Amino acid sequence: MRQIAPSGTPIRLADLAAVARGVFSRRGNMERFREAVCSSFGVRHCFFVSSGRAAMTLILRSLGALSDRRKTEVIVPSYTCYSVPASIRKAGLAVRVCDVDPVTFGYDLRRLESIDFSNVLCIVTSNLYGMPDDIPSVERIAAGNGVHLLDDAAQCMGGQVDGRYAGSFGEAGLLSLDKGKNITTIEGGIILTRFDETADALRIECGRLPDSGPARSALNFLKMILYAAFLNPRLYWIPNRLPFLGLGSTVYSEEYPVEKYDAFLAGLGVRLLDRLREINQARIGNARLLRTWLEGIPGTALPFPAENASPVYLRFPVRILDEGRRDRCIAELNRCGISASASYPGAINDIPEVRTGLSEEEARLPGGRTLARQILTLPTHPFVRREDLVTMVDVLRRECA
Ligand SMILES: Cc1ncc(COP(=O)(O)O)c(C=O)c1O
């Protein structure tokens, strides 16, 4: 039985052996990982923490410490990961919402420009599915209004705009090393910044974090072995049938640890960062074929990233304009062994914890809702074979006929 996971990074036996050997060289591995990240993404400083969510909370706390204390609002796109508003609220700040452009999935830049920035600390990008936003334009709007930019590249490690890496724009950016990301060390988040002053504030915040401890490393190693085995399409059906794992489900939660990165995982990080280009290249190739073969199916729309962007397609998102049909496509793809996903279940302005703090106009914004009803994401990772792509295209053509 073959079942393709929605997203993932192949981990080899040699990687697991290297991680096990690295148990006595955590410091050295951590240092190598740090240097490799800074040189790969062209930044002066990077910090490793327990997750992308923790990274966002810490960046916001640091930017808050460096800024006017009256600036307590953070602007997010109406369609992004639920972890984003959760991290903002965990940092003690208020979420503001700006609508998205349904073609690029990034901000509707005209709307962004017209926002009242008087209490705004920061604008957050989304770079969803490995497609970089028009980050230079968002950066210009942020600078023009005297607010910070936090470049969230949790889903876009290796993606570029104008030859610069997503995550390296603005005052600070972040990458995620969680299980469904461009590369994974099972958990982890990376903060990037080019600025010494921001790095100083981040060093203070990160210095206060508790260590994750040896029991966490043992558990992470076990998870790594299971992940490496069960991501394989011949075995993925097993975890896929275990409802308690909650694979693919999105829940809003502000309850997550903000801790140091488990240095034991750095050995895997160094090896996978070395293969990031190759892994992303497989995704880009699969996305290119999907785009060519899916073009022109009635009732669907393909995404068009910003012109100056080089996407890395963590997943390939397709819009199926009718929600009922979208849901039937997902069910049929899953039946055929392809774990397609509806991504986030709703707009950010419809999350109850967020909605209560929004203006009437923000609460009504339609763009995120439309995307939440229409998006279907297809897997692009290196385990996806040509015949899987053919199955995806056949199902969508059949269901949308
Ligand atoms: C856009 C975005 N930002 C932030 C995060 C948080 O990253 P993590 O899962 O490592 O906490 C995610 C996670 O999926 C994400 O998709």
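For this chain, numbers begin at 1 and follow the sequence in order. When a ligand or atom number is given, it counts from 1 through the structure's own listing order. No experiment lies behind these values; they were computed from the predicted model shown.
At a threshold of 4.0 Å, the pair Asp388-Arg2 counts as salt-bridged, since one of the basic side-chain nitrogens sits closer than that to a carboxylate oxygen. Ion pairing of Arg32 with Glu35 is absent here, as no side-chain N (NZ or NE/NH1/NH2) approaches a carboxylate O to less than 4.0 Å. Using a 4.0 Å cut-off between charged side-chain N and carboxylate O, Arg355 and Glu362 make no salt bridge. A salt bridge does not link Arg364 with Glu361: every distance from a Lys NZ or Arg NE/NH1/NH2 to an Asp or Glu carboxylate oxygen is 4.0 Å or more. A salt bridge is defined here as a Lys NZ or Arg NE, NH1 or NH2 lying under 4.0 Å from an Asp or Glu carboxylate O, and Asp262 with Arg216 fails to meet this definition.
Of the possible donor and acceptor atoms, none in the side chain of Tyr129 sits under 3.5 Å from a partner among the backbone N and O of Phe105. Between the side chain of Ser339 and the backbone N or O of Ile4 there is at least one donor-acceptor pair closer than 3.5 Å.
Remark: minimum distance from atom 5 (C) of ligand 1 to any protein heavy atom is reached at Ala154 CB, 3.8 Å. Scanning all protein heavy atoms for the shortest distance to atom 16 (O) of ligand 1 gives Gln155 NE2, 2.8 Å. Among protein heavy atoms, atom 15 (C) of ligand 1 sits closest to Cys81 CB, 3.4 Å. Protein heavy atom closest to atom 1 (C) of ligand 1, with residue, atom name and distance, is Asp152 OD2, 3.3 Å.
Below 3.5 Å of separation, one finds no N or O of Thr80 facing any N or O of ligand 1. Distances between N or O atoms of Gly52 and those of ligand 1 include at least one value under 3.5 Å.
Proximity of Val84 to ligand 1, defined as any heavy-atom pair under 4.0 Å, is confined to the side chain (atoms from C-beta onward). At a 4.0 Å heavy-atom cut-off, ligand 1 touches Lys181 through the side chain alone.
Near Arg53, the atoms of ligand 1 lying under 4.0 angstrom from a non-hydrogen atom of the residue are 6 (C), 7 (O), 8 (P), 11 (O).
In this structure, Tyr344 has a heavy atom closer than 4.0 Å to ligand 1.
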